[in-house]
Protein chains: 2
Amino acid sequence: MTATRDEIFKTLADPTRRAIFERLCREGEKTVSVLTTGAGVSQPVVSKHLASLKRAGLVRDRADGRQTHYSADYAALAPLIDWAHEMTGFWEKKFDALEDLLNRMDQ
Amino acid sequence: MTATRDEIFKTLADPTRRAIFERLCREGEKTVSVLTTGAGVSQPVVSKHLASLKRAGLVRDRADGRQTHYSADYAALAPLIDWAHEMTGFWEKKFDALEDLLNRMDQ
DNA sequence: CTCATTCATAGCCATCCGGTTATACGTCAA
DNA sequence: TTGACGTATAACCGGATGGCTATGAATGAG
């Protein structure tokens with residue numbers, strides 16, 4: 001369930017897979033056949049990528065007769081955003097420390 | 001120079017490489033030999049990862065005698081953050097659209 | 001029932017990639 | 001100059017992975 005940061009990064013690293021996820025984000029719920037048109041790869045490949053995305057918690061699937069509807073799970077991006085903000089946060093800390101130092105030197 | 005989003009994702013996908021970047025973010029500038037201690041891999045591997053990070057614009061290097069100092073370039077994370085926010089943004093738009101629809105049905 | 005449709009899985013292959021050791025290159029010390 | 005040190009590169013290897021085709025499984029249509 002709780003996808004690791006590593007899984008999320010690895011899953012989004014592939015351009016084809018990221019494009020599928022991006023399309024689900026932009027256009028909402030889509031079936032596999034619809035996603036296959038315009039994906040540039042065969043249907044089995046799309047299914048495999050969707051399975052990866054699901055494993056990483058990035059998409060949900062909903063069975064409906066013989067077709068499966070996939071949709072993006074936006075909340076799954078939170079760990080990625082948090083990590084990035086944490087990393088840039090270290091920079092701000094250093095900047096603050098420098099500022100403090102300069103202020104102290106000023107006095 | 002301007003690293004593509006794909007390069008950034010691919011570069012950060014590897015755990016070892018991401019750990020090196022993370023350490024540079026947390027602890028600031030470090031030499032290759034220092035980074036090698038605790039990296040869990042050999043020095044050539046660290047050098048190769050640093051070259052990848054540099055290619056993606058995630059780190060800078062500074063030559064100093066026979067050692068090379070590497071440091072994180074925090075600004076390089078911006079495309080990643082922007083992309084993630086854009087993706088979640090589509091969700092908010094849909095939410096707003098739903099809200100609008102409900103409001104209109106209410107009238 | 002029969003056949004088409006939709007999707008997932010299996011099996012295969014080529015390529016990529018992260019790891020290794022060996023080595024070359026440049027720099028500082030003696 | 002000689003040798004030790006720090007780093008980058010070369011050559012190589014095994015495993016992971018993204019693509020394909022073929023096929024199976026389940027459902028809907030006729």
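All chains are named by letter (A, B, ...) in the order of the sequence lines, taking the proteins before the strands, and each is independently numbered beginning at 1.
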Give me, pair by pair, the N or O atoms of the protein and of nucleotides 5-9 of chain C that are less than 3.5 Å apart, along with how far apart they are.
unit_1, atom_1, unit_2, atom_2, d
C:dT5, O4', A:Arg66, NH1, 3.3
C:dT5, O2, A:Arg66, NH1, 3.0
C:dC7, OP1, A:Val32, N, 3.3
C:dC7, OP2, A:Ser33, N, 2.7
C:dC7, OP2, A:Ser33, OG, 3.2
C:dC7, O3', A:Thr68, OG1, 3.3
C:dA8, OP1, A:Tyr70, OH, 2.6
C:dA8, OP2, A:Ser47, OG, 2.6
C:dA8, N7, A:Gln43, NE2, 2.8
C:dA8, N6, A:Gln43, OE1, 3.3

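- Closest non-hydrogen pair, A:Leu77 versus B:Trp83, comes out as CD2-CZ3, 4.0 Å.
- Rounded to whole Å, the distance from CG on B:Asp14 to P on D:dG15 is 17 Å.
- The CD atom of B:Gln67 lies 9.0 Å from the CZ atom of B:Arg62; values are rounded to the nearest 0.5 Å.
- Between the CZ atom of B:Arg17 and the P atom of C:dC16 there is a distance of 15 Å, given to the nearest Å.
- If you measure from atom CG of A:Leu53 to atom P of D:dG18, you get 11 Å, rounded to the nearest angstrom.
- Considering only heavy atoms from C-beta on, B:Thr31 stays 4.5 Å or farther from B:Asp64 through its side chain.
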Q: Show your working on salt bridge (Lys or Arg N to Asp or Glu O under 4.0 Å) between B:Glu86 and A:Arg26 and close with a plain yes or no.
A: CA-CA 9 Å; B:Glu86 189 186 353; A:Arg26 294 181 187 275; 3.4 Å; yes

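- The shortest distance between the side-chain N/O atoms of B:His49 and the OP1/OP2 oxygens of C:dC17 is not below 4.0 Å.
- For the pair B:Arg62 CZ and D:dT7 C1', the interatomic distance rounds to 15 Å; values are reported in whole Å.
- With rounding to the nearest 0.5 angstrom, the CG atom of B:Leu50 is 9.0 Å from the CG atom of B:Asp61.
- By the rule that hydrophobic residues join a cluster once side-chain heavy atoms approach within less than 4.5 Å of another member, B:Ile81 and A:Leu12 end up as members of separate clusters.
- With DNA chain D read from its 5' end, the first of the two nearest nucleotides for A:Lys10 and A:Gly40 is the one closest to A:Lys10.
- Counting to the nearest Å, the P atom of C:dC17 and the CG atom of B:Leu12 are 15 Å from each other.
- When the C1' atom of D:dA16 is taken as reference, atom CG of A:Asp6 falls 13 Å away, rounded to whole Å.
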